[in-house]
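To start, the structure itself, in structure tokens.
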Amino acid sequence: MIELKNVSFAYEKNRPTLKNISLKLGEDNENIVGIIGPNGSGKSTLFLNLVGMLKPSQGEIFVDGVPIKYGKRALNELRKKVGIVFQNSDQQIFYSIVQDDIAFALHNLKLPQAEIDARVDRVLKELDIESIRNKPIQYLSGGQKKRVAIAGILVLRSEWLLLDEPTAGLDPDGKRRMLALMKRLVANGQKIIVSSHDMDFMYEICDHFFILNNGQIVKSGRKKDVFLDEQLLNDCKLEQPWLVKIHQKLHLPLYADQQDLFNQQESELKGREQQ
Amino acid sequence: MLVIDKYAYTNRIVNWSPKIKGLVWLMCMVIAFQPIVWLKAILIVAVAADTIFVTKVSLHRYLKWFYVILPFLLLSIIGIVFTMSASKTQLYFPIHLFGNYFGVSKAMLPKGLLLGVQVLAAVVSTYWFALTTPFRQILDLLVSLHLSNLIIEETMLMYRFIFIFIDSFEEIHRAQNLRFGYRNIRTSLHSLSILVKMLFEQIMVNYEAMTHALDAKLYDGEFKVGKSRPQND
Ligand SMILES: Nc1ncnc2c1ncn2[C@@H]1O[C@H](COP(=O)(O)OP(=O)(O)OP(=O)(O)O)[C@@H](O)[C@H]1O
Ligand SMILES: [Mg+2]
């Protein structure tokens with residue numbers, strides 16, 4: 001579990017970007033935690049604090065009960081446990097060829113070559129990018145680069161995965177794959193913290209939410225706790241997911257995800273036919 | 001995007017072993033720098049023709065690639081063949097200047113021309129190699145030559161970052177162009193200075209982001225470049 005206690009962070013003195021944040025990530029049954037908030041609210045900054053790349057100016061962050069230490073070795077251990085994929089893919093791809101880049105972190109861990117090959121093959125398959133494994137990076141589309149960037153961290157098989165805007169620039173199929181992939185990772189025991197501006201995506205995938213506005217947590221809870229308050233979401237320049245909208249505007253039940261809606265409506269239709 | 005690079009991945013001999021291509025290039029270099037002039041001339045024509053054949057590039061575009069090096073080549077030849085001299089007889093086209101004569105040196109002209117042919121032969125051969133060998137193969141070649149890791153790393157990183165740089169350049173340039181930043185000389189100069197400034201700023205920002213990304217991937221000071229693995233099953 002990751003716990004923040006009264007964490008503040010400022011890029012410039014006296015202008016804090018994160019203000020006195022206390023929260024617990026990854027409590028029981030909270031495998032995918034969503035951080036939502038408008039542009040500039042501090043999501044990426046929070047992520048960088050979680051992996052020790054930025055150090056809180058006040059407060060402390062505990063990972064499994066131990067406060068983060070900022071020595072080089074301790075940070076390396078932390079990053080084996082907590083992998084992070086950044087918003088901008090270009091800046092995290094160093095190699096000229098896809099599969100070399102994906103293997104990079106594993107070489108740094110000095111894993112045996114056979115193990116590296118196996119892990120790379122596996123992740124290429126999982127993200128459906130086998131066909132571009134030998135391609136030079138500069139010929140990839142934005143979405144393909146995004147997948148390569150994610151693959152480069154996935155191979156670490158870290159306990160935690162921090163995904164900053166993983167769906168930005170992905171096509172609908174890419175989004176569906178991302179959704180399925182995240183579900184699979186969780187089934188394998190990984191925990192995910194994700195930020196995104198795609199409310200429908202977040203609503204569908206996350207078990208628990210934190211709304212970040214102006215560096216402060218203004219609301220947290222499960223789907224029905226955070227998304228029903230339309231006013232609050234509007235104040236935070238956010239939007240309700242469509243499943244919540246049809247619940248409030250059309251008075252349909254509140255479905256947990258699309259599939260849920262389709263299943264229930266279908267069985268209702270069948271019920272009516274039988275009458 | 002560098003078009004040159006595209007040909008490297010789509011030419012007729014892309015699947016040749018990089019070692020063979022490296023060997024061919026080496027042989028061409030030997031011919032370019034051996035003393036017999038007519039051999040060099042044949043080399044230029046033959047390799048140029050072969051390049052056009054295997055890469056299917058148009059003659060026009062191929063010739064255009066020489067614009068880049070032509071100024072340098074001409075300048076160095078001019079530097080060699082033009083001289084000042086006290087006597088007219090050592091010069092072609094002598095011009096009287098400040099009591100001396102200025103012109104093309106009779107002794108140096110053949111040397112200058114020889115240099116030109118030599119360089120041209122070397123460049124044509126190198127273009128052939130660069131246009132037919134994908135970057136991954138070049139890396140493989142460097143690895144199998146047991147060159148030092150540092151050289152291989154540098155080569156790899158440069159290749160990657162040249163493209164990032166070109167991409168940013170193109171993006172900014174396009175954005176400026178769309179908003180009429182290059183309508184006349186005055187706005188062009190202005191736009192160009194902003195472009196350079198932005199490129200530098202981006203380098204700073206990218207540097208920070210890159211350090212973070214390297215940390216996330218547990219970078220320990222070495223970029224390992226191994227042999228490539230073929231696309232399997
Ligand atoms: N390197 C930096 N130096 C100074 N200020 C920064 C830096 N990075 C971010 N900021 C500022 O911190 C604030 C929060 O930025 P952050 O990137 O965390 O927002 P975000 O929630 O991730 O936004 P987005 O949705 O656009 O990704 C912004 O006001 C931004 O201007
Ligand atoms: Mg962000």
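What you see below is based on every heavy atom in this structure, not just the backbone, and it leaves out hydrogens, waters and symmetry mates. Keep in mind that what you see is a predicted model, and the values were worked out from it rather than measured. Chain letters run A, B, ... following the sequence lines, proteins first and then strands; every chain starts at 1.
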Suppose we call two aromatic rings close when their centres sit under 6.0 Å apart. Are B:F66 and B:Y127 close by that rule? yes
Rounded to the nearest 0.5 Å, the OG atom of A:S158 sits from the NZ atom of A:K81 at a distance of 11.0 Å
Taking every heavy-atom pair that is under 4.5 Å apart, which of [options] has the most such pairs with chain B?
| options | answer |
| --- | --- |
| A:Q92, A:R79, A:K72 | A:R79 |
| A:N76, A:I84, A:L78, A:N88 | A:N76 |
| A:I93, A:L156, A:I137 | A:I93 |

Classify the angle between the aromatic ring planes of B:H173 and B:F169 as parallel (below 30°), tilted (30 to 60°) or perpendicular (above 60°). parallel
Check the angle between the aromatic planes of B:F129 and B:W25 and answer parallel, tilted or perpendicular using the 30° and 60° thresholds.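 Geometry flag for B:W25 against B:F129: tilted rings.
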Please confirm whether B:K217 makes a cation-pi placement over A:F104, using NZ or CZ under 6.0 Å from the six-membered ring centre and within 45° of the ring normal.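 Because its charged atom misses either the 6.0 Å distance or the 45° angle limit, B:K217 does not stack over A:F104.
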Ring-face cation of A:K175 near A:F201 (centre distance under 6.0 Å, axis angle within 45°):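 Relative to the ring axis of A:F201, which defines the angle, A:K175 lies outside at least one limit.
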Between [X] and chain B, with a heavy-atom cut-off of 4.5 Å, which part of the residue counts as in contact: side chain, backbone, both or neither?
| X | result |
| --- | --- |
| A:L75 | neither |
| A:K135 | neither |
| A:F94 | both |

Given heavy-atom pairs under 4.5 angstrom as the criterion, report whether the side chain, backbone, both or neither of B:Y219 touches chain A.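 For B:Y219, heavy atoms of backbone and side chain both lie under 4.5 Å from chain A.
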